[in-house]
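The next block holds one structure in the form of structure tokens; read it before the comments.
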Protein chains: 2
Amino acid sequence: MKAREFKKKIYNELAVTTKAIANPNRLRIIELLAQGASTVEYIAEQTGLSVANASQHLQTLKNARLVSSEKEGKYSIYRLAGPRVFEAWSALRELGLSQNAEISRLMDDYRNEHETLEMVSVEELVKRVDKDEVFLVDVRPRHEYEAGHILSATSFPRDEIRQHIKNLPKNKDIIAYCRGPLCAMADDVVSLLRRQGFNAKRLELGYPEWKANGLPVEESA
Amino acid sequence: MKAREFKKKIYNELAVTTKAIANPNRLRIIELLAQGASTVEYIAEQTGLSVANASQHLQTLKNARLVSSEKEGKYSIYRLAGPRVFEAWSALRELGLSQNAEISRLMDDYRNEHETLEMVSVEELVKRVDKDEVFLVDVRPRHEYEAGHILSATSFPRDEIRQHIKNLPKNKDIIAYCRGPLCAMADDVVSLLRRQGFNAKRLELGYPEWKANGLPVEESA
DNA sequence: AAAACATTCAATAAAATTATTGAATGTTGT
DNA sequence: ACAACATTCAATAATTTTATTGAATGTTTT
């Protein structure tokens, strides 16, 4: 094959893969699937897409081999097709955070409103969890917690916060985490808990980053 | 701001940034700019695009803050807007190589045709360059070599190969590198040199990866 | 001042991406 | 067998993306 033809085909194919990611809904779907395998219905519910539309986006990702699916009875279970998918997603997230001023602005505004004054780094959490100094809460929907969570975290879904608030210790720092740096659930919870007098902070990253780092998790069979 | 609205805006913006990359010509342009700053004309010449079209793609990248430009006389000099751009590009390249079977197939085919039997890792090159065991050649266009190259490399542009072949040592391994893992120029040179009886191999990565790793380079002022 | 040059702009047509809708497929539970 | 259910398919219209063309802008050289 001629060099020119080769070059053209290579970059066309690379663009095929890249275009499969380059859509707001599919970026959300990849973040969701980074939490664990999921049905079409769950994706639709969490993103607010119609089931048909969610299915169509999942097909697009599947054609690009970024996700795989298997049939289980009447359900289709989708999952990320390999570690590179989340790695590329993370690189794009970092690119967005560093180059797109509108993203940083939106994040800063949201966090100011929610008084997310302090963030805890992964290293700090590792240390303080070992010393049993903190109470770690997973504020994602229970379903995602059950698919996999940080070892020693307690499920404390944002949407059920009022039922569970009485079980929280007043004497420990409470650290909340969710789906990752772009996820607002932990901020919402920190905001509410601080107004109730708890000493709450958010983890800077989320479950998928923790897991990708090889840190201890508990996963469902 | 409401959580739902925030989420929507964040992912729309992230898609804006991602879409700016998601085009075959712009992927090539980013790879070119990773070699060093460049004029519109050079980009157009290297990609085969018309100048107007190259300019338009550069505008798209500039609007997304992925490249910056400055005027120097009648020339516009474009460069990557920060290290994250090449990092994300690299992550997408790795994603393509791992998930898109057509890319691996194209690469394998091209390399079989060109007998790129052995590749040299960066670690191996570092060791052997120190011991002066190898002759390192930069096969990119001279212009890119002059903008920046691996320390101790000799310029040996693929397109001028026949004029320079007599200056090569027969007794050393010759290692050729170019723009990166997707670049075919090093393969073309290795192929030709091997047919001439030289012991030639290609570096698995390219100049931008070497530089991003903090390894020693020589850059123009 | 005029010519040469590098780049950008503006308009357009062709191609692609996207969300919506309703029907079709295939599985499970009654 | 039938109803309920999860998902996929197919068709469509609206929107976005893209390459092409030729003119416009602004700089350097003659």
Side-chain angles (χ1 to χ4, degrees), chain A residues 4 7-9 11-30 32-33 37-79 143, chain B residues 4 7-9 11-30 32-33 37-79 143:
Chain A
R4 179 163 303 183
K7 196 139 240 194
K8 187 160 192 180
K9 285 188 180 177
Y11 285 93
N12 279 343
E13 283 302 322
L14 192 53
V16 166
T17 299
T18 306
K19 275 173 198 258
I21 305 192
N23 170 278
N25 291 314
R26 291 198 293 275
L27 285 164
R28 277 189 79 172
I29 289 174
I30 292 171
L32 270 170
L33 291 178
S38 170
T39 63
V40 179
E41 192 179 32
Y42 188 73
I43 298 278
E45 176 195 316
Q46 290 295 317
T47 54
L49 298 174
S50 72
V51 170
N53 197 6
S55 173
Q56 209 167 311
H57 282 300
L58 284 162
Q59 297 297 315
T60 301
L61 290 168
K62 192 179 176 182
N63 288 337
R65 309 291 156 130
L66 302 185
V67 310
S68 61
S69 73
E70 50 178 333
K71 273 268 181 191
E72 271 193 20
K74 58 182 175 180
Y75 299 92
S76 287
I77 313 290
Y78 282 86
R79 63 188 79 237
H143 174 263
Chain B
R4 179 163 305 182
K7 196 141 241 198
K8 186 160 191 180
K9 285 188 179 177
Y11 284 93
N12 279 344
E13 283 302 323
L14 192 53
V16 165
T17 300
T18 306
K19 274 172 199 261
I21 305 193
N23 170 278
N25 291 315
R26 291 196 294 272
L27 285 163
R28 276 189 80 173
I29 289 174
I30 291 171
L32 271 170
L33 291 179
S38 170
T39 62
V40 178
E41 190 178 34
Y42 187 74
I43 298 277
E45 176 194 315
Q46 289 296 316
T47 54
L49 297 174
S50 71
V51 170
N53 197 6
S55 173
Q56 209 167 314
H57 282 301
L58 284 162
Q59 295 298 316
T60 302
L61 290 168
K62 192 178 176 182
N63 289 337
R65 309 289 155 130
L66 301 185
V67 309
S68 62
S69 74
E70 49 178 333
K71 272 268 181 194
E72 272 194 16
K74 59 182 175 181
Y75 300 93
S76 287
I77 313 290
Y78 282 86
R79 63 188 80 237
H143 175 263

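By convention in this document, chain letters (A, B, ...) are assigned in the order of the sequence lines, proteins followed by strands, and residues within each chain are numbered from 1.
Taking only side-chain nitrogens and oxygens, A:Lys19 comes nearer than 4.0 Å to OP1 or OP2 of D:dT18. For the OP1/OP2 pair of D:dT17 and a distance below 4.0 Å, the side-chain nitrogens and oxygens of B:His57 include no atom meeting the criterion. Contact annotation: A:Asn25 does not reach the phosphate of C:dT18 (side-chain N/O to OP1 or OP2, under 4.0 Å). Taking side-chain N and O atoms only, B:Tyr75 has no distance below 4.0 Å to OP1 or OP2 of C:dT8. For the pair B:Asn23 and D:dT17, the criterion of a side-chain N or O lying under 4.0 Å from OP1 or OP2 is not met. Note on B:Ser55: every side-chain N or O is 4.0 Å or more away from OP1 and OP2 of C:dT7. Put simply, A:Arg26 has a side-chain N or O that comes within less than 4.0 Å of OP1 or OP2 on C:dT18.
In this structure, B:Leu49 places its CG atom 7 Å from P of D:dA19, rounding to the nearest Å. The CD-C1' distance, from B:Gln56 to D:dT20, rounds to 9 Å in whole Å. Protein atom CG of A:Leu58 is 12 Å distant from nucleotide atom P of D:dC9, rounded to whole Å. Between the CG atom of A:Leu27 and the C1' atom of C:dT18 there is a distance of 15 Å, rounded to whole Å. The distance from atom CD of A:Glu41 to atom C1' of C:dT28 is 14 Å, rounded to the nearest whole Å. Between the NZ atom of A:Lys74 and the C1' atom of C:dT25 there is a distance of 14 Å, rounded to whole Å. For the pair B:Glu70 CD and D:dT27 P, the computed distance is 15 Å after rounding to whole Å. At whole-Å resolution of the value, NZ in B:Lys62 and C1' in C:dC9 are 14 Å apart.
In this structure, B:Leu33 and B:Leu58 have side chains that are in contact, with non-hydrogen atoms separated by less than 4.5 Å.
Atom CZ of B:Arg28 is separated from atom OG1 of B:Thr47 by 6.0 Å, given to the nearest 0.5 angstrom. Interatomic distance, B:Glu45 CD to B:Leu32 CG, rounded to the nearest 0.5 Å: 10.0 Å. In this structure, B:Thr17 OG1 and B:Leu66 CG are separated by 6.5 Å, a value rounded to the nearest 0.5 Å. Note that the CG atom of A:Asn12 and the NZ atom of A:Lys9 stand 10.0 Å from one another [nearest 0.5 Å].
For B:Asn53, taking side-chain heavy atoms from C-beta onward, the closest of the listed nucleotides D:dT7, C:dT7, D:dA19 is D:dA19.
Residue contacts for A:Thr39: at a heavy-atom cut-off of 4.0 Å it reaches the sugar-phosphate backbone alone, with no base atom in range. Nucleic acid contact for B:Ser76: sugar-phosphate only, since backbone atoms but no base atoms lie under 4.0 Å from a heavy atom of the residue. Among the atoms of the strands shown, only primed sugar atoms or phosphate atoms (P, OP1, OP2) are found under 4.0 Å from some heavy atom of A:Gln59. Heavy atoms of A:Ala52 sit under 4.0 angstrom from at least one base atom. If you check every strand for non-hydrogen atoms under 4.0 Å, B:Val40 touches sugar and phosphate atoms only. Contacts of B:Tyr42 with the nucleic acid, taken as non-hydrogen atoms under 4.0 Å apart, are absent.
Projected onto DNA chain C by closest heavy-atom contact, A:Ser50 and A:Pro24 fall at different nucleotides, the more 5' of which corresponds to A:Pro24.
Applying the side-chain contact (heavy atoms from CB on, under 4.5 Å) test between A:Ile29 and each of A:Thr60, A:Ile21, A:Ile43, A:Val67 identifies A:Ile43 as the sole match.
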